[in-house]
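This report concerns only the one structure given below.
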Amino acid sequence: METKQEIVKQKQYIEKVREINKEKQLKYYILTMGCQLNENDSEKICGMLEEMGYISTEDYTQADLVIFNTCCVRENAEDKLFGKLGELKKVKEKRGTIIAIGGCMMQEKHITDKIQESYPYTDIIFGTHTMHKLPEDIYKILENRKKLQDVIDIDGEIYEGLPIKRTSEIKASVTIMYGCNNFCSYCIVPYVRGRERSRHPKDILEEVEQLAKEGYKEITLLGQNVNSYLRAEKWKEEGKEYKGINSFATLLKEINKIDGIERIRFVSPHPKDFTDDVIDAIASCEKICKLVHLPLQSGSTQVLKTMNRKYTKEQYLELVEKMKAKIPNLTLSTDIIVGFAGETEEDFEDTLDVVRKVCFEQVYMFIYSRRVGTPGDKMENQIPEEIKHKRFDRLKQLVESQIAENNQKYVGTIQKVLVEGPSKNNPKLLTGRTDSNKVVIFEGEQELINKIIDLKIVSEHMWYLKGERK
Ligand code: SAH
Ligand code: SF4
Ligand code: F3S
């Protein structure tokens, strides 16, 4: 298989770079700017770098190699990247730092053009389809110091067997599929990540089994549309099934059997593909967390239509009702975009209405950001920034009042909490998360880290709960 040979080749480059770096103690700094998939990519980038002999540093002024793993889902990411690149100029002049920029934003031509023109001291530009070639790219830079751009626009491949350096020892992410076929009209992701393609179930199960062996308790399955896992794979008809896995629901059930893993989460499913077998799997698998992220985007049927989301307000609400009826203790989180082209005051009221009705555990709110090349950007009736911001503030107010109300329900209850480590704000206390992903802070011994324990919730605050051991 071609991709396998490619990875063998890259491993040879890893050895070559390692040889060049020998005894030099070179340092790398990485900044990850995107979603959980992007973070998982960064873990693979770090895996490759460490095998090449680089050591991690959190101070970019001390780094010999700086990597930015970019995101382009909203505009603010661009300002951030260009700001950071500006700061790097002096560091590069002083230390000769190699600068490599990768990730989704590098799939956009107007961005790479701007980098070439305004930040010519950038050494490597790589895209989402060429990330695995970083060892080769770095080798070439070390050998001849000529800058290179390695970006291709293809449907995409799957590369297995890259080294990985995980950021947590307790929770791990496992990408199960790449790309997206949905083309929601506001979204850039399908253009920068290619078409949907699923990893083979055997590779996923082996990765999760390995994680269980290493002591991980919680895994999150990642993909832009996880419930279309394996939908497009041709090999299913060729009898190459593995343990009967032929869908997202069957994958969930198999992962649920893996000893050692105690919690399973997944992001993001698409409401239009939320089939009954997935609902049944969540209900029947005890390890699957009963917090489901179900992106709404808008509560208005008309806006959902122009967004190309393929469900109506009523269908979304019916799905929620069905899920609540079948899954005891279900909680929901969601994503909402405010101020998409053509959104009227009435449409926005529909969004507020759904939020009131569903009472989400958590809402990730975004102001619509026009993305070059998407249908949304070409729509005529764009909403003025001022109105977008006003609507955003109204939604935020509603969401915060709901969260405050929701938090009250936790007080006095016993919650199962996976203990993650010392609290950032007060290292004398420990922090962990409930099944519904709420942060709980409490007093306890270090030995509790990486265990699931019962805590009594004694008080609530906006973004965390306080717990006590029973
Ligand atoms: N595939 C996932 C996540 C996509 S990106 C899904 O469908 O839910 C994460 C979130 O960013 C989206 O759910 C959406 O709410 C938001 N988003 C995407 N494009 C955006 C844009 N152009 N402007 C503002 N928010 C956007
Ligand atoms: Fe973007 Fe829609 Fe695909 Fe999510 S499902 S990545 S919002 S196009
Ligand atoms: Fe993720 Fe941003 Fe890319 S949200 S898929 S890193 S555009």
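Counting convention: from 1, in listed order, for ligands and their atoms alike. Source: prediction; values computed, not measured.
- Using a 4.0 Å cut-off to heavy atoms of C72, the atoms of ligand 3 that qualify are 2 (Fe), 7 (S).
- Numbered from 1 in the order shown, with element, the atoms of ligand 2 that lie under 4.0 Å from a heavy atom of C180 read 3 (Fe), 5 (S), 6 (S), 8 (S).
- Contact annotation: for R193 versus ligand 3, heavy atoms closer than 4.0 Å belong to the side chain alone.
- Contacts between R309 and ligand 1 below 4.0 angstrom, taking non-hydrogen atoms only, involve the side chain exclusively.
- Looking at S268 against ligand 1, only its side chain comes within 4.0 Å, counting heavy atoms.
- Taking atom 5 (S) of ligand 1 as the reference point, the nearest protein heavy-atom neighbour is V73 CG2, 4.0 Å.
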Hey, mind stepping through M365 and D335 against side chain to side chain contact (heavy atoms under 4.5 Å, CB included) and telling me if it holds? CA-CA 6 Å; M365 296 166 273; D335 288 353; over 6 Å; no
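- Under 4.0 Å is where a charged nitrogen must lie from a carboxylate oxygen, and between E117 and K114 no such pair does.
- Checked by atom type and distance alone, the side chain of N38 pairs as donor or acceptor with a backbone atom of T70 at under 3.5 Å.
- Taking every non-hydrogen atom of P295 and a distance limit under 4.0 Å, the qualifying atoms of ligand 1 come out as 8 (O).
- Atoms of ligand 3 found under 4.0 Å from any heavy atom of N38 (numbered from 1 in listed order, with element): 6 (S).
- Ion pair K165/E43 not flagged as a salt bridge, since none of the NZ, NE, NH1 or NH2 atoms sits closer than 4.0 Å to an Asp/Glu carboxylate oxygen.
- Under 4.0 Å from ligand 1, the heavy atoms of F366 that appear belong solely to its side chain.
- For the pair K89 and Y119, the cation does not sit on the ring face, since its NZ or CZ is not both under 6.0 Å from the ring centre and inside 45° of the axis.
- When non-hydrogen atoms are compared, ligand 1 lies under 4.0 Å from the side chain of I337 (C-beta onward) but not from its backbone.
- Set against the non-hydrogen atoms of Y186, the atoms of ligand 2 under 4.0 Å away are 7 (S).
- Contacts of C104 with ligand 3, taken as heavy-atom pairs under 4.0 Å, involve the side chain alone.
- Nearest non-hydrogen protein atom to atom 16 (C) of ligand 1 is R74 NH1, 3.3 Å.
- Interatomic distance, L418 CG to T431 OG1, rounded to the nearest 0.5 Å: 10.0 Å.
- When atom types are taken as modelled, the side chain of T130 and the backbone of D150 share a donor-acceptor pair closer than 3.5 angstrom.
- At a cut-off of 3.5 Å, with distance as the only test, no side-chain donor of K272 or Q315 sits close to an acceptor on the other residue.
- Using a 4.0 Å cut-off to heavy atoms of G34, the atoms of ligand 3 that qualify are 6 (S).
- Under a 4.0 Å N-O distance rule, the pair K140/E136 qualifies as a salt bridge.
- F366 carries R74 over the face of its six-membered ring, with the cationic atom under 6.0 Å from the centre and within 45° of the normal.
- Residues T61 and D59 bring a donor and an acceptor atom of their side chains to less than 3.5 Å of each other.
- Look at D123 and K92 and you find a salt bridge, because one of the NZ, NE, NH1 or NH2 atoms lies within 4.0 Å of a carboxylate O, short of that distance.
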Chi angles and distances behind the salt bridge (Lys or Arg N to Asp or Glu O under 4.0 Å) call for E207, R199: CA-CA 11 Å; E207 183 173 344; R199 287 177 71 196; 2.8 Å; yes
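- With rounding to the nearest 0.5 angstrom, the CG atom of D377 is 15.0 Å from the OH atom of Y186.
- Given atom 6 (S) of ligand 2, the protein heavy atom at minimum distance is Q224 OE1, 3.5 Å.
- Using bins of under 30°, 30° to 60° and over 60° for the plane-to-plane angle, the ring pair F274/F266 lands in the tilted bin.
- C71 SG, 2.3 Å is the protein heavy atom nearest to atom 2 (Fe) of ligand 3.
- The residue M105 has no part lying near ligand 3, judged by heavy-atom distances below 4.0 Å.
- Closest to atom 22 (N) of ligand 1 among all protein heavy atoms lies S369 O, 2.8 Å.
- Of the protein's non-hydrogen atoms, the one nearest atom 9 (C) of ligand 1 is D335 OD2, 3.8 Å.
- Distances below 4.0 Å separate heavy atoms of V189 from the following atoms of ligand 2: 6 (S).
- Those atoms of ligand 2 that come under 4.0 Å of a heavy atom in N182, given as number and element, are 5 (S).
- Considering backbone and side-chain N/O of Y368, none are found under 3.5 Å from N/O of ligand 1.
- Here I367 has backbone heavy atoms under 4.0 Å from ligand 1, and that is the only part of it that gets that close.
- Each of the following atoms of ligand 1 lies closer than 4.0 Å to a heavy atom of Q224: 1 (N), 2 (C), 3 (C), 4 (C).
- For atom 19 (N) of ligand 1, the closest non-hydrogen atom of the protein is Y186 CD1, 3.3 Å.
- Ring geometry for Y364 against H293 counts as perpendicular: the plane angle is over 60°, on a 0 to 90° scale with 30° as the lower cut.
- The protein non-hydrogen atom at the shortest distance from atom 1 (Fe) of ligand 2 is C187 SG, 2.3 Å.
- Between K313 and D353 there is a salt bridge, with a side-chain nitrogen of the basic residue lying less than 4.0 Å from a carboxylate oxygen of the acidic one.
- Under the 4.0 angstrom criterion for non-hydrogen atoms, N225 is not in contact with ligand 1.
- Under 4.0 Å is where a charged nitrogen must lie from a carboxylate oxygen, and between E286 and K416 no such pair does.
- At a 4.0 Å heavy-atom cut-off, ligand 1 touches R371 through the side chain alone.
- Under 4.0 Å from ligand 2, the heavy atoms of P190 that appear belong solely to its side chain.
- No more than 12 heavy atoms of other residues, nucleotides or ligands sit less than 6.0 Å from atom CD of E346.
- When hydrogens are left out, the protein atom nearest atom 8 (S) of ligand 2 is C184 N, 3.3 Å; that is the closest non-hydrogen contact.
- Counting protein heavy atoms only, atom 1 (Fe) of ligand 3 is closest to C35 SG, 2.3 Å.
- Contact between R193 and ligand 2 is absent, with no heavy atom of the residue lying under 4.0 Å from the ligand.
- S436 and Y410 are linked by a side-chain donor-acceptor pair at a separation below 3.5 angstrom, with hydrogens and angles left out of the test.
- In this structure, atom 5 (S) of ligand 3 lies nearest to the protein heavy atom Q224 NE2, 3.2 Å.
- The proximity of Q297 to ligand 1, defined as any non-hydrogen pair under 4.0 Å, is limited to the side chain.
- Counting atoms of ligand 2 from 1 in the listed order, those under 4.0 Å from a heavy atom of F183 are 8 (S).
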